[in-house]
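A note on names: the letters A, B, ... follow the listed sequences, proteins ahead of strands, and every chain is numbered from 1.
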Number of protein chains: 2
Amino acid sequence: MKDVFSAIPIFVAVVEAGSFSLAAERLGMTKSAVSKRISSLEDNLGTRLFHRSTRKLVLTESGEEFSDYARNSVYIAQQGITAATLNQGKPKGTLKINAPMTFSRLHLAPHLKEFLDLYPDIKVILSMDDQVVDMIAGAYDVGIRIGELKDSSLIARKLAKCNSVVCASPEYLQQAGIPNTPHDLKDHNCIYYSLFQAGVEWTFFKADKKLKVEPTGNFIVNNSDAICEMLLQGLGICQMPTFIVQRYLNTGQLVPVLANYDLPDHSIFASYPERRHIPEKVKVFIDFLEEKLHSVYWEVDSGKSS
Amino acid sequence: MKDVFSAIPIFVAVVEAGSFSLAAERLGMTKSAVSKRISSLEDNLGTRLFHRSTRKLVLTESGEEFSDYARNSVYIAQQGITAATLNQGKPKGTLKINAPMTFSRLHLAPHLKEFLDLYPDIKVILSMDDQVVDMIAGAYDVGIRIGELKDSSLIARKLAKCNSVVCASPEYLQQAGIPNTPHDLKDHNCIYYSLFQAGVEWTFFKADKKLKVEPTGNFIVNNSDAICEMLLQGLGICQMPTFIVQRYLNTGQLVPVLANYDLPDHSIFASYPERRHIPEKVKVFIDFLEEKLHSVYWEVDSGKSS
DNA sequence: AACTAAGTTGAGTAAAACTCACCAATGAAA
DNA sequence: TTTCATTGGTGAGTTTTACTCAACTTAGTT
């Protein structure tokens with residue numbers, strides 16, 4: 001029993017053509033090939049499928065019976081192939097996104113309505129999670145990550161720069177003083193983000209010199225919003241991405257410190273599991289996001305000055 | 001697009017196994033082979049079918065959609081294969097028989113009830129026809145032929161001897177005289193069977209010497225029953241197979257002449273279109289007929305002597 | 001950290017499936 | 001009848017393909 005299954009489309013072609021020769025022509029092969037495939041199929045089935053002379057080709061009873069199944073099988077397979085290939089190029093289906101909590105709330109969710117209006121055949125499932133999840137096990141189509149990617153099996157595309165700034169409320173700074181160097185932070189209540197990717201230390205650059213400072217404080221949390229809230233209330237000081245705090249810097253509710261020190265460059269990435277066969281829904285989503293985010297619009301001061 | 005179709009069962013096996021390795025084991029091939037077939041299938045479809053890491057294997061959306069079709073297709077094909085192979089060995093289905101008119105009436109039809117009772121899953125279509133028909137175009141499973149086979153593409157099995165005898169009614173012979181040699185037939189009213197296979201002449205043998213006589217008479221017909229009827233009515237004389245006239249010879253309604261001359265040996269054959277893959281229904285039918293006919297029972301005198 | 005098991009990759013091999021050329025048989029045309 | 005075109009079948013040879021084997025990468029486990 002070598003290759004019964006692959007002979008089925010050939011058998012069906014012969015049935016529909018009514019002759020080996022015509023079927024061969026349609027299949028783009030020679031009649032001898034068709035003849036041999038049918039013969040071998042008959043051998044494997046142990047039944048003759050056609051009564052045949054040089055001029056007549058008639059299905060046997062077994063052939064008649066078998067052809068019903070065979071035609072159906074081929075037809076369904078072709079439908080499947082069509083379904084699988086036709087959806088190529090069309091942005092449709094369910095787009096399962098995994099993205100960080102606060103970023104999603106501030107800069108992803110606000111754009112999603114426009115995206116969904118733009119692509120009515122796409123349905124979005126957004127999972128907001130700051131933890132790095134298993135994209136494959138979770139069957140995520142695309143993930144938004146900030147910082148560096150660890151998973152080398154994933155493909156990443158940079159969407160925007162992610163600038164950070166150390167900042168605090170004017171009230172806090174008035175009370176605790178304004179740090180002039182990173183080392184001064186050891187006397188401050190540094191709020192700490194427990195999922196911080198870069199490690200336990202805060203890194204600073206000045207004239208290509210690297211400075212590492214271990215933040216100390218009385219509040220550790222796994223949610224950036226909570227940190228932001230605490231900053232506004234004047235609990236302490238923290239290194240924050242501009243996409244979260246820029247609006248408060250603009251209004252003066254928070255003020256930047258250590259402005260003459262650089263923080264490490266981070267980026268906002270979109271990642272997806274495969275390089276080959278990227279579904280169109282993923283492509284259009286990433287294109288859309290890149291278009292929306294590449295200007296880093298949140299850093300533009302629209303209105304009051306800091 | 002090389003061999004999308006034959007990759008489908010492999011894809012289905014992977015879906016059902018949940019991993020390439022297990023699927024490979026079940027299919028009796030290596031995991032690398034499975035991996036390559038799936039990859040090539042994905043290339044041909046232009047879609048990724050599985051999200052996969054070394055530990056997780058999850059269908060993509062396209063894969064999910066495709067697998068519905070694929071499983072169905074394979075399932076139906078398997079049903080077809082099963083249907084085609086399972087009927088092997090079981091005598092069932094429609095048996096389309098082509099047989100000579102008078103032979104069928106006298107020696108085929110009388111046995112058919114027993115045959116049908118014996119094989120309740122067989123349905124018989126009997127076409128009684130003295131003309132030689134195209135077995136393939138007519139989709140006949142088996143043909144009964146008397147004399148020699150001309151169609152070399154058919155397979156033949158001898159069922160019984162077919163002895164012939166020249167005979168006439170006592171009344172005719174009293175009136176026309178009894179021929180002593182074949183040549184005497186030229187003075188007789190030789191009834192002629194228009195479909196006679198051996199040609200227009202009657203052939204006789206005596207001590208290995210062949211004699212050919214062209215019969216002359218005023219009645220030509222394509223039906224043996226009609227000849228028999230005419231013989232009984234004393235119209236003329238004819239060479240007849242014993243399976244038709246023996247019963248009249250037994251009762252004395254017809255009497256043989258030229259008994260010291262031999263007529264050519266004929267045989268009763270069953271023929272069928274193919275040597276390979278003979279359907280069981282055909283086999284059992286021919287076996288049955290051979291069993292019934294091989295004794296040439298019609299030549300046994302049961303009762304009166306001639 | 002070592003170990004196990006999963007999927008992938010590349011090279012080499014074995015096995016099909018195919019082509020080509022030729023044959024036999026059939027039916028139509030000359 | 002003879003010829004001719006066309007059909008399906010065959011055998012040799014070749015190309016393509018599918019496969020195995022071994023090594024590698026990764027992820028989860030002990």
- Under 3.5 Å donor-acceptor pair, B:Ser32 side-chain atoms to D:dC19 base atoms: no
- Task: By nearest nucleotide on DNA chain C, pick out whichever of B:Ser21 and B:Lys36 is the more 5' one.
- Result: B:Ser21
- Along DNA chain C (nearest heavy atom to each residue), the more 5'-positioned of A:Lys31 and A:Gly28: A:Gly28
- Message: Between B:Arg52 and C:dA6, is there a contact of a side-chain N or O with OP1 or OP2 at under 4.0 Å?
- Response: no
- Task: Starting at atom CZ of B:Phe11, determine the distance to atom C1' of D:dA18, rounded to an integer number of angstrom.
- Result: 20 Å
- Item | Under 3.5 Å: donor-acceptor pair, side chain of B:Thr203, backbone of B:Pro264 | no
- Using atom CG of B:Leu49 as one end and atom C1' of C:dG7 as the other, report the distance to the nearest whole Å. 15 Å
- Message: OP1 or OP2 of C:dC18 versus the side-chain N and O atoms of A:Thr30: is any pair under 4.0 Å?
- Response: no
- Query: Can you check whether A:Val34 reaches A:Met29 side chain to side chain, under 4.5 Å on heavy atoms?
  - Reply: yes
- Query: Which whole-number value in Å describes the distance from A:Leu22 CG to D:dG8 C1'?
  - Reply: 14 Å
- Item | Inter-residue atom distance B:Thr102.OG1 - B:Asp130.CG, 0.5 Å rounding | 6.0 Å
- Note on the structure: Of the candidates C:dT9, C:dA6, D:dC19, the side chain of B:Ala33 sits closest to D:dC19
- A:Ile10 CD1 to D:dG8 P: how many Å, rounded? 15 Å
- Item | Whole-Å gap separating C1' (D:dA18) and CG (B:Leu27) | 13 Å
- Message: Classify A:Ser19 by what it touches in the nucleic acid, base, sugar-phosphate, or nothing, heavy-atom distance under 4.0 Å.
- Response: sugar-phosphate
- Any B:Arg37 side-chain N or O less than 4.0 Å from OP1/OP2 of D:dC19: yes
- For the residue pair A:Asp141 and A:Phe285, establish whether any side-chain heavy-atom pair is separated by less than 4.5 Å. no
- Flag side-chain contact, heavy atom, 4.5 Å: B:Leu41 against B:Ile10: no
- Message: Just to be sure I understand the rule, does A:Gly18 reach a base, reach only the sugar-phosphate, or reach nothing, if contact means heavy atoms closer than 4.0 Å?
- Response: nothing
- Task: Would you kindly give the CD1-to-P distance between B:Ile38 and C:dT9, to the nearest whole Å?
- Result: 14 Å
- Could you state the atom-to-atom distance from CZ of A:Phe20 to C1' of C:dA25 in whole Å? 15 Å
- Taking atom P of D:dT6 as reference, at what distance in whole Å does atom CD of A:Glu25 sit? 12 Å
